[in-house]
Amino acid sequence: MKHLFLLLLCISTSCTLQQKKQAKEVKKNATTTLNNDICWSGTLNAKIPVFLHYQVLDSVVIGELTYLNTKAKKPIPVVGTLKNGNYRILEFAKDGNITGILTGTQNTDTNFSGYWFSPKTRKNLSLNLTKSDSIIPSKSNTTVLKNIYGNYRYQYSESGYQGEFSISKVDHKNSAFSIFSVTNAPARNMADVGIDTISLHTTEFLYTIPDTDDCEFKVRFFKDFLQINYTKGFCDGTFGHNATIEGIYYKVKH
């Protein structure tokens with residue numbers, strides 16, 4: 001009887017351990033499994049065939065745009081925002097230059113319409129897309145602290161708005177960053193946040209401009225870019241007329 005009891009206890013313990021192991025494995029898989037991107041196909045100006053796919057992370061749109069009439073059909077990285085149902089998506093070159101701006105709304109479950117605009121040529125083309133049944137697994141666009149350091153920038157053509165952000169590691173507790181941006185030419189008004197040292201432990205931080213009461217902004221780092229948003233308004237009077245540090249900056253140097 002004693003031996004039978006010990007045998008049953010061993011079996012019960014083994015099953016419990018196996019169940020815990022399986023539950024742990026399920027939980028691990030659940031946290032690492034990603035969804036699929038939202039996919040669209042359609043045209044610009046009813047002539048140029050394009051394919052767009054993206055994911056949305058906390059109102060940030062991340063994906064790729066492909067011009068299907070090109071020989072290489074090379075996907076172009078796009079990053080943007082979704083606010084109140086309105087999309088604003090930027091095409092980024094490797095140097096941080098913005099080659100196109102997509103704006104629009106998803107009219108129905110299967111239709112997306114809006115416009116594509118070139119900051120360089122000033123062309124404005126209609127954009128009409130239809131939901132595609134293509135399946136593209138979403139990539140992880142989060143990052144870790146050790147990978148955020150480097151230079152980030154954006155440029156709406158040579159004569160348009162431009163901005164630069166740099167961050168470097170000072171020691172195991174502190175990092176140094178700076179931001180500089182200008183408005184359209186020829187009257188370049190500036191927004192400048194001089195080099196300052198901060199204690200950084202995560203991939204985002206809040207910062208208040210010295211000697212101001214409410215000019216606060218939040219910086220969030222992603223795999224290939226960062227986003228800056230004001231948290232208490234537009235910081236009136238802090239920078240030059242219409243100058244801003246808010247926006248998306250693409251990583252150009254690792």
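Since this is a predicted model, take the numbers as computed values, not measurements.
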Problem set entry | From F221, Y152, F225, Y154, residue fulfilling ring-ring contact (aromatic ring centres under 6.0 Å, His included) relative to Y249 | Y154
For this session: Kindly indicate, with the supporting measurements, whether the criterion side chain to side chain contact (heavy atoms under 4.5 Å, CB included) is fulfilled by Q106 and I38.
Result: CA-CA 12 Å; Q106 184 175 335; I38 301 169; 5.5 Å; no
To the nearest 0.5 Å, what is the distance between [atom1] on [X] and [atom2] on [Y]?
X: Q155; Y: E164; atom1: CD; atom2: CD; value: 9.0 Å
X: T110; Y: L129; atom1: OG1; atom2: CG; value: 11.5 Å
X: N229; Y: K218; atom1: CG; atom2: NZ; value: 8.5 Å
X: Q162; Y: N97; atom1: CD; atom2: CG; value: 8.5 Å
X: N107; Y: S113; atom1: CG; atom2: OG; value: 3.5 Å
X: N151; Y: S166; atom1: CG; atom2: OG; value: 5.5 Å

[X] atom [atom1], over 12 foreign heavy atoms within 6.0 Å:
X: K146; atom1: NZ; value: no
X: Y115; atom1: OH; value: no
X: D171; atom1: CG; value: yes
X: L206; atom1: CG; value: yes

Do [X] and [Y] sit in one hydrophobic cluster, given that two such residues count as connected whenever their side-chain heavy atoms are within less than 4.5 Å of each other, even indirectly?
X: L82; Y: L127; result: yes
X: V219; Y: V79; result: yes
X: F117; Y: Y87; result: no
X: V50; Y: I136; result: no
X: F180; Y: V252; result: no

Given 3.5 Å as the limit, does a donor-acceptor pair link the side chain of [X] with the main chain of [Y], or not?
X: N141; Y: F222; answer: no
X: R153; Y: D95; answer: yes
X: T202; Y: E204; answer: yes
X: K131; Y: D109; answer: yes
X: Y230; Y: I245; answer: yes
X: T244; Y: E246; answer: yes
X: T183; Y: N189; answer: yes
X: S132; Y: S134; answer: yes
X: T103; Y: R88; answer: no

Less than 4.5 Å apart, side chain to side chain, heavy atoms only: is that true for [X] and [Y]?
X: F165; Y: S178; result: no
X: E91; Y: L65; result: yes
X: I167; Y: L200; result: yes
X: I62; Y: L57; result: yes
X: F92; Y: I248; result: yes

For this session: Classify the side-chain pair Y207/D196 by whether it contains a donor and acceptor separated by less than 3.5 Å.
Result: yes
Exercise. Do Y161 and S181 have side-chain atoms, one donor and one acceptor, less than 3.5 Å apart?
Worked result: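 Per modelled atom types, Y161 and S181 side chains form no pair under 3.5 Å.
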For this session: Using the disulfide (SG to SG under 2.5 Å) rule, collect all pairs that involve residues 89-193, keeping only residues at least two apart or in two chains.
Result: none
Exercise. Taking 4.0 angstrom as the limit, do K139 and D37 come out as a salt bridge?
Worked result: no
